Protein chains: 2
Amino acid sequence: MILALLIGSTGRKRETEMRPAEELRYLILAAQREGNRQLAHALRPLGVTPSQAEVLRLLAEHAPLSLMQLGELLVCEAGTNPSRLVSSMVQAGMVHRVTAPEDRRAIKLTLTDRGQETAAQVEQVEAELYAMLDASTAGFDRDSLIRWLGGLVANQPSGEAIERRKNPGTHYATS
Amino acid sequence: MILALLIGSTGRKRETEMRPAEELRYLILAAQREGNRQLAHALRPLGVTPSQAEVLRLLAEHAPLSLMQLGELLVCEAGTNPSRLVSSMVQAGMVHRVTAPEDRRAIKLTLTDRGQETAAQVEQVEAELYAMLDASTAGFDRDSLIRWLGGLVANQPSGEAIERRKNPGTHYATS
DNA sequence: ACAAAGTATATTACATGTCACATATTTTGT
DNA sequence: ACAAAATATGTGACATGTAATATACTTTGT
C-alpha cells in the first residue's frame with residue numbers, strides 16, 4: 001500500500017472510483033468473453049465453435065430454415081447474414097444447403113446426420129455449462145436480471161432474435 | 001396462434017420453454033453486442049473503434065504502460081497481447097511506442113497530442129452512453145447485479161483486468 | 001562465464017463481428 | 001409486358017477474439 005502511494009505520486013493522475021455504469025459495461029463485456037471462452041473450450045473436442053454450435057442447435061430445433069430465417073434467430077450475429085458461418089458448416093459436412101424450390105434466390109438449410117449427432121453433443125455441453133450458471137444464480141434474483149437485460153436489448157436485433165426463439169411460429173417470415 | 005400450432009405440427013419438435021440459464025446466456029451476449037454497436041456508432045465520427053477507445057482511455061489515465069501492463073488492464077482482449085491493436089493506433093498517430101530503457105524486450109506506450117485529444121472526446125461519448133445506462137438501471141438493484149457479475153468473472157482474465165482497473169497500483173507488475 | 005530457461009513483443013492463422021457492395025431472382029407499378 | 005424496385009444470398013474489406021509460434025532479450029542456475 002505504501003508502494004502504491006509512491007507509484008501514485010510519479011506523475012500519475014489521482015485515482016478515482018470507477019463509475020458504476022462503466023463497471024457494469026465492462027462486467028457485461030467480461031461475462032460474455034469469459035463465458036464464450038469456457039464454451040469454446042468445452043466445444044473444442046467436438047470440433048465446433050460457439051457460433052457454429054448456435055447454428056447447429058437452431059437447425060436441430062427448427063429446420064428447415066432459409067438463411068434469412070436463421071439470421072433472424074441467431075444472437076451471435078443478429079441482423080446480419082450468416083452466409084460465411086453456414087458455408088463453413090456445409091464444408092465441414094454438418095449442414096445441407098439446397099436452393100428453395102419456391103424461390104430461386106433462397107436456400108433451405110437442414111442438418112446432415114453428422115450435424116444431428118454433433119448438435120446432440122452440443123446440447124450436452126450446454127447443459128453442463130447451464131448447470132454451472134444455475135449454481136451461480138442461486139440466491140440471486142435471476143428473474144429480475146432477465147427482465148432487466150430483456151429491456152436493455154429490446155427492439156434491437158439481438159434482443160429480437162431472442163424473442164423470436166422464445167416464441168417460434170409467431171415471428172417467422174412465412175416459410 | 002392457430003397458425004403457430006399448424007406450423008408446429010409439420011414435423012417440428014414441440015416447442016418448449018427456453019431454459020432460464022440459456023436465456024441469460026443469450027441476453028448477456030445480446031447486451032454486449034448491442035452495447036458495442038451503440039458505442040461503435042457513437043465513436044465512428046472520432047475515427048476509433050471500441051477497442052481502440054478502451055486503449056486511449058487507459059493510456060490517458062495510466063501512461064506510460066508496457067504492452068503487457070496494457071494487456072492486463074484491457075477487458076476487450078484480456079489475457080492476450082494487444083500488439084496489433086496498439087500497432088493500428090501507432091499507425092494512426094494516436095500512440096507513441098518506444099523501447100523501454102531498462103528492458104530492451106519491452107516497450108513504453110504513451111499518447112500523442114492527437115491521442116490525448118481523441119481520448120477526451122471518447123470520454124464525452126462514454127459519459128453520454130453511461131447516462132443512458134444509468135437511466136436503464138433506475139429502480140433496479142444495480143449493486144447486486146454488479147456483485148453477481150463480479151463473482152461470475154472472478155479469477156478469470158477479464159475479471160482480473162476489471163479489478164486491476166478499480167485498484168491501480170496494487171496489481172501492477174512493477175514498472 | 002556461459003548455457004538454459006524464462007519473458008516481452010511481434011507475427012501468423014483461423015474464425016467472426018460488422019458493414020458495404022455485387023449478383024441473381026422475384027415482386028411491384030405502370 | 002416490361003422496367004424499376006425490392007429481396008435473398010454471396011463476397012470483399014477491416015478489425016479483432018483467440019491461440020500458436022517466432023524472435024530477441026533478460027534472468028537464473030551451474
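Being a predicted model, the structure only gives us computed values, none of them experimental. So that the names make sense, note that chain A is the first sequence line, chain B the second, and so on, each numbered from 1. In what follows, every heavy atom counts, from backbone to side chain, and hydrogens, waters and symmetry copies are set aside.
Rounded to whole Å, the distance from CG on B/Leu109 to P on C/dA8 is 14 Å. Rounding to whole angstrom units, CG of residue B/Leu70 and P of C/dA8 are separated by 14 Å. When rounded to the nearest whole Å, the span between CD1 of B/Ile107 and C1' of C/dT11 equals 14 Å. If you take CG of A/Asp103 and P of C/dT28, they are 12 Å apart, rounded to a whole angstrom. Between the C1' atom of C/dT25 and the CE atom of A/Met68 lies a distance of 14 Å, rounded to the nearest Å.
Along DNA chain D, the nucleotide nearest to B/Arg105 and the one nearest to A/Pro82 differ in position, and the one closer to the 5' end is contacted by A/Pro82. Comparing A/Ala106 and B/Asn81 against DNA chain D, the residue whose closest nucleotide sits nearer the 5' end is A/Ala106.
Residue A/Ser87 is classed as having no contact, given no heavy-atom separation below 4.0 Å to the nucleic acid.
Comment: A/Lys166 engages A/Glu163 in a salt bridge, judged by a side-chain N to carboxylate O separation of less than 4.0 angstrom. With respect to the salt-bridge test (charged N to carboxylate O, under 4.0 angstrom), the residues B/Arg114 and B/Glu117 do not qualify. Using a cutoff of 4.0 Å between basic side-chain nitrogens and carboxylate oxygens, B/Arg19 and A/Glu126 are not scored as salt-bridged.
Counted by atom type alone, B/Glu77 and B/Ser51 present zero donor-acceptor pairs between their side chains at under 3.5 Å.
Residues satisfying the ring pair (Phe, Tyr, Trp, His ring centres under 6.0 Å) test with B/Tyr130, not counting sequence neighbours, are none.
Here the side chain of B/Arg164 pairs a donor or acceptor atom with the backbone of B/Glu72 at under 3.5 angstrom.
Taken from CG in B/Asn36 to OG in A/Ser158, the straight-line distance is 10.5 Å, to the nearest 0.5 Å. If you take CE on A/Met18 and CG on B/Asn167, they are separated by 9.5 Å, rounding to the nearest 0.5 Å. Distance CG/B/Leu27 to CD1/A/Ile162: 4.0 Å, rounded to 0.5 Å.
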Anything under 3.5 Å between a protein N or O and an N or O of nucleotides 14-16 of chain C, put it in a table, one pair a line.
from: C/dT16; atom 1: OP1; to: A/Thr49; atom 2: OG1; distance (Å): 2.4

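Chain A approaches DNA chain D within less than 4.0 angstrom (heavy atoms of the protein), and the contacting nucleotides run 5' to 3' from D/dA6 to D/dT18.
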